[in-house]
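Working notes for the structure below.
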Amino acid sequence: MAGETRQRVVIVGGGTSGWMTAAALAKLLQDRCTIDLIESEAIGIVGVGEATLPHIRGFNEKLGIRESDFMSWTRATFKLGIEFRDWGRIGDRYIHPFGTFGRGKGEVDFHHYWTRLRAAGVDMPPLESFSYACTLARMNRFDLPSTDPARLASTYGYAYQFDALLFAPYLRALAEGLGARRTEGKVVEVIRNNESGNISAVRLESGQEIAGDLFIDCSGFRSLLIGEALEEPFEDWSRWLPADRAVAMPCHTRTEVTPYTSAIAMPAGWRWRIPLQHRTGNGYVYASGFISDDEAAAALVASVEGEPIADPRLLRFRAGRRSRSWVGNCVAIGLASGFLEPLESTSIYLVQAAITALIELFPEREVSPVDRDEFNRLIDLEYDRIRDFLILHYHATQRSDTPFWDYVRTMPVPDSLTEKMELFRSRGRIQKYREGVFLDASWVAVYVGQGILPEGFDPRADVPAENLMQGMAALQSEIRDTVSAVPGHLAYIDRYCAMAPS
Ligand SMILES: Cc1cc2nc3c(=O)[nH]c(=O)nc-3n(C[C@H](O)[C@H](O)[C@H](O)COP(=O)(O)OP(=O)(O)OC[C@H]3O[C@@H](n4cnc5c(N)ncnc54)[C@H](O)[C@@H]3O)c2cc1C
C-alpha cells in the first residue's frame with residue numbers, strides 16, 4: 001500500500017550529484033519515494049572534483065558507508081586543509097586548515113592573542129605554527145582526531161581527496177542496492193503539464209517516457225530541466241570570479257602524498273595539486289580573457305611533477321547560479337544549479353547541502369510553496385557565502401605582476417564582502433553565522449594568510465604580554481612534540497585503507 005502514496009522521484013543525470021542524491025533519498029526516504037535515475041554513458045560525467053570538505057564524512061555516515069571501504073575503493077587520501085602558495089605575494093605560503101588555531105577554547109579566538117602580541121611589537125611566528133592541523137599537514141602525518149576535547153588532537157577535522165571517476169559508481173552500487181532504478185539513455189524532451197507548467201515526464205531517445213512527481217536536475221552544466229526547459233535565469237558572477245576554464249591532467253606521483261590539497265597561484269589563475277593513492281590530480285583554473293588555452297595547457301604541462309598519465313583536458317564553465325534552484329516540481333542539484341570554481345573544494349559540499357535541505361523539506365503530495373522558498377533561501381545563502389570567500393582569495397593580494405592579478409586586486413567586490421573585510425580589519429572580528437560552511441578559523445586563515453591583518457583586537461585578549469608569550473611558546477612545542485609521535489600519512493593509509501590492487 002505504501003507504494004501508492006510514495007512520490008515518484010526522477011533524477012536526470014548520474015554524475016556525483018545524481019548518485020549522491022539517489023543514494024541519500026533511497027537510504028533516508030525509503031518509505032516516501034521511489035527513485036528513477038536516467039544517465040547517458042555516451043554523454044558521460046564531468047569526472048573532475050577530487051577534493052572535498054569535512055562535511056562529506058557526515059554524509060557518508062548517514063548512508064552507513066564504512067570509511068576504510070570507501071577510501072580503498074575511491075583510492076582516497078586524507079585532507080587536512082588547503083595550502084595556498086603565491087597568493088598574497090609571490091613566495092607566500094599558508095594553509096587553510098580544517099581546524100582551529102590554538103586550543104580552540106579560550107575566552108576569545110586565538111588570533112586575538114596573536115594580534116595582541118604583534119601590537120606590542122613582538123615578532124610573531126606565523127599563525128599556522130599554532131594550529132595542530134597545519135602542523136600535521138606540514139609534517140606530512142595523519143591520525144584520526146581525538147574525541148577527548150581536552151587534547152590538542154581534537155582540534156581538527158579532515159576530508160578526503162579521491163578519484164572522482166570512482167565515487168559515482170561507488171554510490172550507484174549503494175543506491176541500486178537500496179532500490180533505485182537506473183535507466184541508460186539520453187533525455188531528448190521534457191514534457192510539461194499545460195496548466196501548471198510542472199514537468200510531468202521526460203522522453204528518451206529510445207521513445208521511452210519516464211513520468212514522475214518530482215524531478216531532480218543533475219544533468220551537469222547542460223542544466224537540461226531547470227535551465228533549458230524551465231528557463232530559470234542564470235546569475236553571472238564572472239565579474240568577481242573571472243576564471244572560466246580549466247585544463248586538467250593527472251600525473252604519476254613523484255614527491256610526497258600530502259594530506260592536503262595545494263592551490264598555487266599562476267599568472268592568470270591558479271593550479272591545483274591533489275595527491276591520491278595511485279596518482280596526482282593537476283589542473284590550471286584560468287580566466288580565458290587573460291591567457292589562451294594553449295598557453296594555459298603549456299604552463300600546466302611544464303609545472304606538473306611526474307610523468308603525465310593523460311593528455312591535457314579542457315573544461316569550460318561560468319561562475320554563478322540559477323536565480324532559484326527549486327522551480328515548480330524541479331529541483332536542481334550540482335552543476336545544473338550553478339558553479340563556483342574549485343578553489344575551496346565546495347561543489348560537492350553544495351550538492352550535499354542541497355540534498356540535506358531537500359530531505360528536510362521533501363514534499364508530501366504537492367510541492368509546498370513555502371518549503372520550496374525556504375529551500376531556495378538556504379541554497380542562496382550557501383552560494384553567496386562561498387562566493388564572497390572565494391573572491392577574498394583573489395582580491396586580498398598585493399600582486400601586480402600580471403594583468404589578471406591587477407584586475408582582481410582592483411575590482412569592486414560585493415558589499416557583503418567589503419563589510420566582512422572591514423569588520424576583520426578593525427578588530428579581528430568575523431561575521432557570525434550559525435549554519436553553513438567556512439566558520440571563523442577559515443576566514444582568519446585566509447585574511448591573515450593574504451595580508452589582511454587586524455588593526456585592533458578583542459579587549460579580553462589584553463592580558464600581560466609575558467604570560468601570553470610563555471603560553472604560546474609552550475603551545476607551539478606541545479603541538480610539535482605531539483605531532484612528532486603521529487604516523488606518516490602514507491603509513492596510515494597503508495594500514496587503514498590501502499587501495500585494492502588493480
Ligand atoms: C575543473 C573543475 C574542478 C573541480 N574540482 C572540484 C573539487 O575539487 N571538489 C569539488 O567538490 N568539486 C569540484 N568540481 C565540481 C564537481 O566536479 C561537480 O560538482 C561534481 O562532479 C558533480 O557534477 P554533476 O554530477 O552535477 O555533473 P556531471 O558529472 O556533469 O554529470 C551530469 C550527468 O548528467 C547526464 N546527462 C547530461 N545530459 C543528459 C541527457 N540529455 N540525457 C541523459 N543524461 C544526461 C550525464 O550523462 C551525467 O551522468 C570541479 C569542477 C570542475 C569543472
Side-chain angles (χ1 to χ4, degrees), residues 10-22 36-56 59 79 82 159-169 171-172 182-190 202-206 208 210 216-229 243-249 261-263 269-274 276 281-286 296 300 312-319 325 332-355 386 437:
V10 177
I11 301 172
V12 175
T16 297
S17 57
W19 284 114
M20 277 178 79
T21 308
D36 277 293
L37 184 145
I38 306 154
E39 67 175 321
S40 156
E41 264 169 27
I43 295 174
I45 67 173
V46 69
V48 277
E50 304 185 324
T52 59
L53 293 179
H55 307 73
I56 194 170
F59 180 83
K79 177 179 172 192
I82 305 177
Y160 313 110
Q161 306 169 130
F162 57 61
D163 189 326
L165 291 170
L166 300 175
F167 188 43
L171 293 173
R172 174 180 164 186
R182 173 188 183 276
T183 303
E184 169 63 34
K186 191 171 165 193
V187 172
V188 288
E189 192 186 343
V190 177
V202 289
R203 185 172 293 123
L204 309 188
E205 211 168 29
S206 62
Q208 183 187 357
I210 299 186
I216 318 278
D217 188 350
C218 292
S219 64
F221 288 131
R222 285 172 191 80
S223 199
L224 269 187
L225 309 186
I226 203 156
E228 273 187 27
D244 58 354
R245 291 191 192 176
V247 55
M249 189 180 73
T261 294
S262 297
W270 62 280
R271 168 168 75 83
W272 77 76
R273 177 187 183 274
I274 305 179
L276 311 180
N282 308 284
Y284 184 178
V285 174
Y286 58 96
L300 180 68
R313 179 176 157 227
L314 181 70
L315 297 122
R316 293 163 201 266
F317 48 80
R318 190 158 46 124
S325 295
I333 296 183
L335 301 174
S337 83
F339 185 62
L340 288 167
E341 57 152 281
L343 184 56
E344 285 280 357
S345 324
T346 41
S347 280
I348 294 173
Y349 166 78
L350 281 168
V351 170
Q352 184 183 340
I355 293 170
I386 294 171
V437 73

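Given the structure is predicted, the values throughout are model-derived calculations rather than measurements. Atoms within each ligand, like the ligands themselves, are counted from 1 in listed order.
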Q: Would you confirm whether the ring centroid of Tyr284 sits within less than 6.0 angstrom of the ring centroid of Tyr286?
A: yes
Sorted by chain and residue number, the residues having a heavy atom closer than 4.0 Å to an atom of ligand 1 are Gly13, Gly14, Gly15, Thr16, Ser17, Glu39, Ser40, Ile43, Gly44, Ile45, Val46, Val48, Gly49, Glu50, Ala51, Gly185, Lys186, Val187, Cys218, Ser219, Gly220, Arg222, Leu224, Ala246, Trp272, Gly334, Leu335, Phe339, Pro342, Ser345, Ser347, Ile348
NZ (Lys79) and OG1 (Thr261) are apart, to the nearest 0.5 Å, by 4.0 Å
Review point. So Phe221 and Phe339, would you call those rings parallel, tilted or perpendicular, with 30° and 60° as cut-offs?
Key: perpendicular
### Task
Could you walk me through whether Tyr349 and Thr52 pass the side chain to side chain contact (heavy atoms under 4.5 Å, CB included) test, one step at a time?
CA-CA 7 Å; Tyr349 166 78; Thr52 59; over 6 Å; no
- Item | No-hydrogen, no-angle side-chain donor-acceptor test under 3.5 Å, Glu341 and Trp270 | yes
Sorted by chain and residue number, the side-chain hydrogen bond (donor to acceptor under 3.5 Å, both in side chains) partners of Glu189 (sequence neighbours excluded) come out as Arg203
